[in-house]
Q: 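Below is the structure I would like to discuss, written out as structure tokens.
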Amino acid sequence: MPELPEVQTIVTDLNSRILNKKIKKVEVRLKKIVKNPTKSFIQDLQKSTFKNIRRRGKLLIFELSVKNKYLLIHLKMTGQLIYCKNNKITVGGHGMSKDMGELPSKYTHVIFMFSDGSKLFYNDLRRFGYLHIVDDKKLEKILEKFGIEPLDKDFTLKKFKSLIENKKMNIKAFLLNQKFIAGIGNIYADETLFDAGILPNRSANSLKEVEVKKLYKAIKKVLKKAVQYRGTTFNDYLDADGNKGSFLKFLKVYHREGKKCLRCNKEKIKKIKVAGRGTRYCEKCQK
DNA sequence: CCTTGTGTTCTCCG
DNA sequence: CCGGAGAACACAAG
């Protein structure tokens, strides 16, 4: 699942690879992935360039050289953006389940072809993601729904406290809600709660001051480290070069149910449902 | 049936 | 009856 660290990795990679390259041709192989009429989508992109690429939460924002046009891409669960200079792509590591040897694959739904011959592929096994070109007004409307960026300087402990103090919902639901903090998904919600030693089903406003501080530090720490290791590859996530992220080896609870807790070395990691999502935790280390 | 991200709908409460 | 909060549900497809 591409969450903040994974999307950030793609943004950083693409910014150093495709800025100001002329888009010669765009191929839409699956219409439902593109939210605009196919014809206007292609027209807006062809002969344009990407001036800048950024993200807000898990949403990628490509600023086009055409005035007031922005390409938004959401990867949802299994979306990939892979850039290659030729059609062959070598997947980092081994044991990949998908036949990613050559692109386009059967999961390639949109292809951007640049005038230097390089290509950017949008692949999506489950086809939950989308591409959408919007104007600045629409973009603003979309962006105002997002909460604070957890790695920004203005995400302070004070700010975090003020967000959390009046929330009756459980702390995991709070972390997953993009309108409070943007970019945390199921993996990093479980990992930050484990790091902070807090049970996922605790109500947010029941956290003591020392716990709020622990969780705040955990969010910064875990997300920063995950960005540093270029995200977590579980099944489908790949960076813009088609390589896996290497944060998997640092996961303490996510997908470790039934295995021995790496902190207490005693308790087995449990799995329950919280906020409608699979949730892993250690009964001994999280209170 | 499961998986997760997100948008919508429903319910509760003051 | 309204609005907000939060929970529940719906949907995507393999």
Side-chain angles (χ1 to χ4, degrees), chain A residues 1-8 10 29-35 55-61 72-81 96-100 105-110 122-132 134 138-139 141-147 149-150 162-193 200-207 223 226 231-238 245 247-248 251 253-258 269-281:
Chain A
M1 288 64 59
E3 303 178 28
L4 185 152
E6 292 75 27
V7 178
Q8 182 58 54
I10 293 170
R29 311 172 122 213
L30 185 68
K31 282 188 160 60
K32 70 146 266 179
I33 288 283
V34 173
K35 290 223 235 177
R55 66 155 188 90
R56 188 76 171 86
K58 306 166 192 171
L59 183 67
L60 288 127
I61 305 163
L72 308 182
I73 300 183
H74 203 299
L75 303 171
K76 291 287 179 85
M77 290 177 72
T78 57
Q80 301 173 330
L81 276 169
M96 273 300 289
S97 52
K98 311 296 178 301
D99 51 325
M100 286 294 307
S105 71
K106 61 195 266 202
Y107 307 119
T108 302
H109 306 308
V110 181
Y122 178 80
N123 309 321
D124 196 340
L125 184 138
R126 293 196 188 172
R127 313 182 210 169
F128 293 171
Y130 63 81
L131 290 79
H132 191 195
V134 297
K138 175 80 177 164
L139 177 66
K141 225 181 148 179
I142 290 166
L143 294 188
E144 72 191 15
K145 294 192 188 95
F146 285 83
E149 283 290 335
S162 75
L163 281 172
I164 218 169
E165 64 190 359
N166 51 348
K167 302 295 187 303
K168 292 182 180 127
M169 64 178 77
N170 63 56
I171 189 64
K172 174 145 180 181
F174 170 81
L175 291 176
L176 289 176
N177 196 321
Q178 303 300 297
K179 75 181 182 207
F180 303 134
I181 300 170
I184 298 175
N186 209 27
I187 297 176
Y188 298 107
D190 280 5
E191 291 300 315
T192 50
L193 286 167
N201 57 7
R202 290 268 305 279
S203 69
N205 63 5
S206 76
L207 268 60
L223 291 180
T232 303
T233 295
F234 232 79
N235 298 309
D236 302 285
Y237 166 71
L238 294 176
F247 194 69
L248 180 69
L251 295 182
V253 285
Y254 189 82
H255 262 234
R256 291 199 68 254
E257 58 266 30
I269 300 299
K270 289 201 169 47
K271 185 183 172 191
I272 57 169
K273 206 155 248 195
V274 177
R277 296 292 172 249
T279 301
R280 289 85 174 177
Y281 69 101

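Heavy-atom basis, side chains included; hydrogens, waters and symmetry copies ignored. Letters go in sequence order (proteins before strands), and every chain restarts at 1. Everything numeric here is computed off the predicted structure, so don't read it as measured data.
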Q: Relative to each other, are the rings of A:Y188 and A:F247 parallel, tilted or perpendicular (30° and 60° limits)?
A: tilted

Q: Would you indicate what A:K179 reaches in the nucleic acid, counting non-hydrogen atoms under 4.0 angstrom: base, sugar-phosphate, or nothing?
A: nothing

Q: Could you check whether A:K179 makes a cation-pi contact with A:F146, meaning its NZ or CZ is under 6.0 Å from the centre of the six-membered ring and within 45° of the ring axis?
A: no

Q: Are the side chains of A:L72 and A:L139 in contact, using a 4.5 Å heavy-atom criterion?
A: yes

Q: Please state whether the rings of A:F180 and A:F174 are parallel, tilted or perpendicular, taking 30° and 60° as the class boundaries.
A: parallel

Q: Would you grab the first and last nucleotide of DNA chain C (5' to 3') that comes under 4.0 Å of any non-hydrogen atom in chain A?
A: C:dG6 to C:dG14

Q: Contact class for A:K271 vs. all strands (heavy atom < 4.0 Å): base, sugar-phosphate, or nothing?
A: sugar-phosphate

Q: Which parts of nucleotides 4-14 of chain B does protein reach within less than 4.0 Å, heavy atoms only, written one letter per nucleotide 5' to 3' as B for base, S for sugar-phosphate only and - for none?
A: BBB--------

Q: Take A:H109 and A:R127 through the test side-chain hydrogen bond (donor to acceptor under 3.5 Å, both in side chains) and record every step on the way to the result.
A: CA-CA 9 Å; A:H109 306 308; A:R127 313 182 210 169; 4.6 Å; no

Q: Within the structure provided, determine whether A:I10 and A:L75 are in side-chain contact (heavy-atom separation under 4.5 Å).
A: yes

Q: Are side-chain N/O atoms of A:N123 and A:T108 paired as donor and acceptor at under 3.5 Å?
A: yes

Q: Output all residues satisfying side-chain hydrogen bond (donor to acceptor under 3.5 Å, both in side chains) with A:T279, sequence neighbours left out; order by chain, then residue number.
A: A:K172

